[in-house]
Visitor: 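First, the structure itself, so that you have it in front of you.
Counting starts at 1 for both ligands and their atoms, in listed order.
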Amino acid sequence: MKSRKTLLAAVIAPLVLVVPAWASPKTVTLNVSGMTCPVCPITVKKALEKVPGVSKVDVRFEKKQVLVTFDDAKTNTDTLVKATTNAGYPSQPEKTAK
Ligand SMILES: [Cu+2]
């Protein structure tokens with residue numbers, strides 16, 4: 001019967017639309033002590049933006065911090081730390097950040 005399939009599709013379609021909401025964006029603060037001149041943040045920002053899942057990079061040069069917003073289903077803090085480290089700027093996640 002065709003109507004049964006249609007009903008099933010009507011039930012499944014909304015569930016599929018809900019799935020992306022499970023991947024919640026997270027923000028982490030990285031302390032990058034090696035950012036000593038105004039050009040450094042550009043390199044750090046570029047390195048982080050290359051990481052798949054990163055949606056926003058906000059550099060606070062005066063505090064030597066970088067706020068990174070990312071999809072925790074695609075990447076994690078360790079990967080972000082590695083990305084800045086590989087670019088020449090070792091970083092440390094701020095413990096209190098949530
Ligand atoms: Cu510099």
Side-chain angles (χ1 to χ4, degrees):
M1 231 196 266
K2 249 191 183 162
S3 60
R4 195 167 266 234
K5 255 188 189 169
T6 310
L7 183 68
L8 195 65
V11 170
I12 289 172
L15 291 177
V16 171
L17 290 174
V18 163
V19 168
W22 293 346
S24 54
K26 257 184 146 184
T27 300
V28 70
T29 301
L30 298 178
N31 290 308
V32 193
S33 56
M35 289 198 296
T36 52
C37 82
V39 184
C40 294
I42 299 167
T43 310
V44 175
K45 190 174 178 172
K46 274 186 186 164
L48 288 166
E49 282 173 342
K50 267 191 240 165
V51 179
V54 171
S55 55
K56 198 181 160 202
V57 180
D58 195 1
V59 180
R60 306 263 160 90
F61 174 62
E62 61 290 347
K63 286 182 166 182
K64 294 188 179 175
Q65 286 183 332
V66 188
L67 274 73
V68 190
T69 306
F70 61 97
D71 181 344
D72 65 357
K74 288 181 187 162
T75 190
N76 53 51
T77 305
D78 282 353
T79 306
L80 301 174
V81 167
K82 269 180 205 152
T84 66
T85 304
N86 290 343
Y89 298 93
S91 60
Q92 283 192 315
E94 185 129 292
K95 296 281 194 296
T96 52
K98 175 68 190 98

Visitor: Which residues and atoms, protein N, O or S only, are under 2.8 Å from the Cu ion (ligand 1)?
Guide: Cys37 SG, Cys40 SG

Visitor: Sequence neighbours excluded, which residues qualify as side-chain contact (heavy atoms from CB on, under 4.5 Å) partners of Pro93?
Guide: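 Result, side-chain contact (heavy atoms from CB on, under 4.5 Å) vs Pro93: Val28, Leu30, Thr77, Val81.
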
Visitor: Taking side chain to side chain donor-acceptor pair (under 3.5 Å) as the cut-off, I'd like each qualifying pair that reaches into residues 49-60, sequence neighbours left out, listed once.
Guide: Asp58-Arg60

Visitor: Are Phe61 and Tyr89 connected in the hydrophobic side-chain network, where two residues link if heavy atoms are under 4.5 Å apart?
Guide: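 Phe61 and Tyr89: one cluster.
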
Visitor: Please, which pairs that meet side chain to side chain donor-acceptor pair (under 3.5 Å) have at least one residue in residues 61-70, sequence neighbours excluded?
Guide: Thr27-Thr69, Asn31-Gln65, Gln65-Glu94

Visitor: Starting at NZ of Lys82, measure out to CG of Leu80 and round the result to the nearest 0.5 Å.
Guide: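 Rounded to the nearest 0.5 Å, the NZ-CG separation comes to 10.5 Å.
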
Visitor: Before giving the answer on side-chain contact (heavy atoms from CB on, under 4.5 Å), spell out for Val44 and Leu48 the whole-Å C-alpha distance, their side-chain angles and the decisive distance to 0.1 Å.
Guide: CA-CA 6 Å; Val44 175; Leu48 288 166; 4.0 Å; yes

